[in-house]
Amino acid sequence: MNLFADLRSAVVDALGRMTAEGLLPQGLDLSAVAVEPPRDASHGDMATNAAMVLAKPAGKNPREIADALAVKLLEDPRIQAADVAGPGFLNLRLAPALWQDVIRQVLSAGLDYGRSDLGQGLKVNVEFVSANPTGPMHVGHVRGAVVGDALSRLLAFSGHDVTREYYINDGGAQVDVLARSAFERYREANGLEPEIREGLYPGDYLIPVGEALKAKYGTSLLDQPESVWLADVREFATAEMMQMIREDLAQLGVEMDIYSSEKALYGTGEIEAAIEELRQAGLIYEGVLEPPKGKTLEDWEPREQMLFRSTAHGDDVDRPVQKSDGSWTYFAPDIAYHYNKVKRGFDQLIDIFGADHGGYVKRMKAAVSALSGGKVPLDIKLVQLVKLYKGGEPFKMSKRAGTFVTLRDVVEQAGADVTRFIMLTRKNDVSLDFDFDKVLEQSKDNPVFYVQYANARINSVLRKARDAGIAVDQATLAAADHGQLSHAAELAMLKKIAEWPRLVEIAARNNEPHRVAFYLYELASEFHGLWNRGNDELSLRFVQEDQATTQAKIALVQAVSVVICSGLAILGVTPVEEMR
RNA sequence: GGCCCCGUAGCUCAACGGAUAGAGCGUCCCCCUCCUAAGGGGAAGGUUGCAGGUUCAAGUCCUGCCGGGGUCGCCA
């Protein structure tokens with residue numbers, strides 16, 4: 001189903017025959033041999049670097065290898081031409097039938113076109129969002145949520161067994177602050193004046209929580225000391241916040257498989273067990289950290305604490321797991337949590353963090369490396385800042401929370417589909433500008449619109465053909481005479497479609513869902529170009545007098561639509577069939 | 001100061017180690033008797049921050065600088 005993979009096999013086979021005939025030495029490493037689309041279409045359909053890669057290990061001139069390889073490859077009826085070019089590229093031209101057959105493949109596979117078993121069922125855990133349960137999700141969380149979700153969909157599409165997981169930070173001091181803030185709203189619900197002291201959360205999203213507390217406890221907590229109510233209110237408020245966060249995520253179209261609680265790790269011995277595991281490995285010791293050089297901390301004083309020898313696994317300094325009062329730092333339960341993931345049998349872990357957690361990457365990788373015996377790779381994607389604009393001006397607004405723009409603000413204004421697509425038009429480690437006006441603009445300046453418009457045009461053509469009484473059902477289109485599609489513009493369209501499985505593979509291998517968004521833009525561009533050529537060359541229009549010709553052409557654009565829908569599904573974006 | 005990310009056309013950004021570094025915006029020219037012009041075609045625009053190195057091949061990998069951002073033990 002992946003033409004590029006098929007051709008690479010053909011190249012590898014040919015090299016094998018050359019080896020058998022003594023033209024190449026035994027035991028060559030072929031892993032660097034690639035078959036890829038040439039940047040310049042005039043170079044042919046596909047190019048392989050085999051001769052250049054193998055020249056040195058084989059002790060031969062690259063052109064010599066390329067010439068011999070060309071002879072072998074030309075025995076394959078699929079390959080019409082094989083020309084040596086440049087420093088030793090072998091440019092291949094394929095029989096048009098190979099490209100035309102892509103339509104049949106796409107139409108019979110439907111939305112599964114491009115799906116692969118690349119991951120071979122590997123169990124992958126993707127942890128993302130993991131926002132503190134102390135308030136509604138804000139813009140900063142949106143990008144992480146979208147990237148994590150799209151990456152999960154991409155990996156699942158590529159044959160991985162994906163688990164999406166949210167780690168609830170409900171074990172630290174911040175949830176006590178939440179409880180105190182909610183308690184003030186509880187007092188307010190009972191007619192008292194709330195005292196939102198400095199350091200408490202002022203957002204009015206806690207007002208309903210206060211009312212819910214009143215409904216549950218009446219006035220019974222009002223005169224009680226904090227020691228009496230703190231734990232209960234904390235639990236209650238945290239649950240309310242998590243409910244709100246789930247709703248926020250649902251608005252974005254994000255669904256988690258598992259919510260894991262930090263607090264649940266305390267008192268179970270899991271943290272102690274994880275630390276003990278590290279201690280057994282000689283990676284835990286009592287020590288005093290050096291103050292950071294070049295940065296002056298006024299209140300620095302040497303302090304003995306329990307440290308993790310993360311430097312043994314690639315970190316720059318060892319990291320504290322216990323505070324000086326003996327309680328755990330945030331890092332300790334996080335170690336236990338990642339240990340827990342390892343023990344659950346995941347083959348690979350992926351964390352999506354905000355860029356402000358950059359300093360956390362090395363120690364987390366060190367911990368996972370130590371606790372999995374180096375067997376479970378942890379990839380941490382840092383998602384950079386989103387800057388909001390409206391009409392080119394920096395945008396600051398808060399309907400609900402006072403000081404920040406919430407996820408709901410964004411989704412309500414821009415819509416989930418637009419938000420998701422735009423958030424994926426940058427790779428994760430570059431900051432992103434999000435302009436509320438721009439993302440809703442209906443022009444080619446806006447990639448979401450541009451891609452959706454292509455799909456809408458295709459559906460318009462389908463309607464047109466149907467109205468003309470032409471059968472355009474899937475089976476008919478798949479069986480149409482695709483051999484008619486021999487115009488260079490049509491073949492170019494086909495080649496773009498044929499790239500999709502390969503693109504998915506590259507994106508999945510690199511954990512880079514943004515590649516899908518860029519590909520869809522290119523695909524749409526190719527389509528709009530083809531559409532417009534119909535203005536000048538009537539033979540390139542999709543709806544023709546002749547029914548069989550029309551069906552072949554409709555089959556082509558239907559295949560484009562399928563790939564657009566397939567790609568949008570990975571991004572979690574709903575395709576539109578009509579612009580209004 | 002240490003660590004991490006970024007630096008590509010006037011602007012915003014692409015480019016699995018591959019050939020003559022590509023799109024959009026902006027500027028200039030052109031295309032609707034005709035499937036959605038909400039679109040398309042063309043022109044102009046580049047020493048990929050700087051200097052070395054590895055490689056048949058470097059925007060991409062390595063080292064050192066320069067510039068911007070983030071982060072750095074009792075926050076999570």
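So you know, we letter chains A, B, ... as the sequences are listed, proteins then strands, and number each from 1. Worth saying up front: this structure is predicted, and the values here are computed from it rather than measured.
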Check your understanding: B:rC5 phosphate, OP1 or OP2: any side-chain N/O from A:His357 under 4.0 angstrom?
Key -> no
**Study point:** Distance below 4.0 Å between A:Lys438 side-chain N/O and B:rG24 OP1 or OP2
**Key:** no
Review point. Distance check: side-chain N/O of A:Ser324 vs OP1/OP2 of B:rC74, anything under 4.0 Å?
Key: no
Review point. What's the base orientation of B:rC4: syn (chi within 90° of 0) or anti?
Key: anti
Point to revise | Lys/Arg cation over aromatic A:Tyr285: A:Arg309, 6.0 Å, 45° cone | key: yes
Exercise for review: Would you please classify the geometry between the A:Tyr167 ring and the A:Tyr337 ring as parallel, tilted or perpendicular, with 30° and 60° separating the classes?
Suggested key: parallel
Check your understanding: Does A:Thr329 reach the main-chain N or O of A:Pro320 with its side chain, forming a donor-acceptor pair under 3.5 Å?
Key -> yes
Practice item. Identify which nucleotide among B:rG73, B:rC35, B:rU36 has an atom closest to any side-chain atom of A:Arg303, counting heavy atoms from C-beta outward. Key: B:rG73
Revision key, fill the gap. Closest to the side chain of A:Trp531, out of B:rC56, B:rA19, B:rU36, is B:rU36
Check your understanding: Of all the nucleotides listed (B:rA19, B:rA76, B:rC74), which has the minimum atom distance to the side chain of A:Tyr360?
Key -> B:rA76
Study note, to complete from the structure: Under a 3.5 Å limit on both distances, the Watson-Crick or wobble mate of B:rC3 is B:rG70
Exercise for review: Choose from B:rC4, B:rC16, B:rC34 the nucleotide whose nearest atom is closest to any side-chain atom of A:Arg541.
Suggested key: B:rC34
Study note, to complete from the structure: Of A:Trp328 and A:Ala32, the one whose closest nucleotide on RNA chain B sits nearer the 5' end is A:Ala32
Check your understanding: If you check every side-chain atom of A:Asn535, which of B:rC56, B:rA37, B:rG22 has the closest atom?
Key -> B:rA37
Practice item. Could you tell me whether the phosphate oxygens of B:rG73, OP1 or OP2, come under 4.0 Å of any side-chain nitrogen or oxygen in A:Lys323? Key: no
Point to revise | From B:rA15, B:rC13, B:rU36, nucleotide with atom closest to A:Arg426 side chain | key: B:rC13
Check your understanding: Which value, in whole Å, describes the distance between the C1' atoms of nucleotides B:rG41 and B:rA23?
Key -> 15 Å
Practice item. In whole angstrom, give me the gap between the C1' atoms of B:rA9 and B:rA14. Key: 13 Å
Practice item. Please indicate whether A:Gln547 has more than 12 foreign heavy atoms, meaning atoms of other residues, nucleotides or ligands, lying under 6.0 Å from its CD. Key: yes
Review point. A:Val557 versus A:Trp531: any side-chain heavy-atom pair under 4.5 Å?
Key: no
Check your understanding: If we take the P atom in both B:rG26 and B:rG69, what is their distance in whole Å?
Key -> 30 Å
**Study point:** Listed nucleotide nearest any side-chain atom of A:Arg457, set B:rA76, B:rG39, B:rC16
**Key:** B:rG39
Check your understanding: If we take the C1' atom in both B:rA38 and B:rC50, what is their distance in whole Å?
Key -> 45 Å
Exercise for review: Among the candidates B:rA21, B:rC56, B:rG1, find the nucleotide nearest to the side-chain atoms of A:Pro292.
Suggested key: B:rG1
Point to revise | Between B:rU63 and B:rU54 - C1' atom distance, rounded Å | key: 11 Å
Point to revise | Given B:rA23, B:rC74, B:rA38, the nucleotide with the shortest approach to the side chain of A:Tyr453 | key: B:rA38
Practice item. State the CG-NZ distance between A:Asp429 and A:Lys381, to the nearest 0.5 angstrom. Key: 7.0 Å
Check your understanding: According to the 5.5 Å centroid and 30° plane-angle thresholds, does A:Phe89 stack upon the nucleobase of B:rA19?
Key -> yes
Review point. On a whole-Å scale, what distance lies between the P atoms belonging to B:rA21 and B:rU60?
Key: 15 Å
Check your understanding: When you measure from the side chain of A:Arg502, which nucleotide among B:rG73, B:rC16, B:rA76 comes out closest?
Key -> B:rC16
Check your understanding: Which residue lies toward the 5' end of RNA chain B, A:Arg509 or A:Ala85, if each is placed at its nearest nucleotide?
Key -> A:Arg509
Practice item. Please answer whether B:rG40 and A:His528 are stacked, defined here as ring centres separated by less than 5.5 Å and planes angled under 30°. Key: no
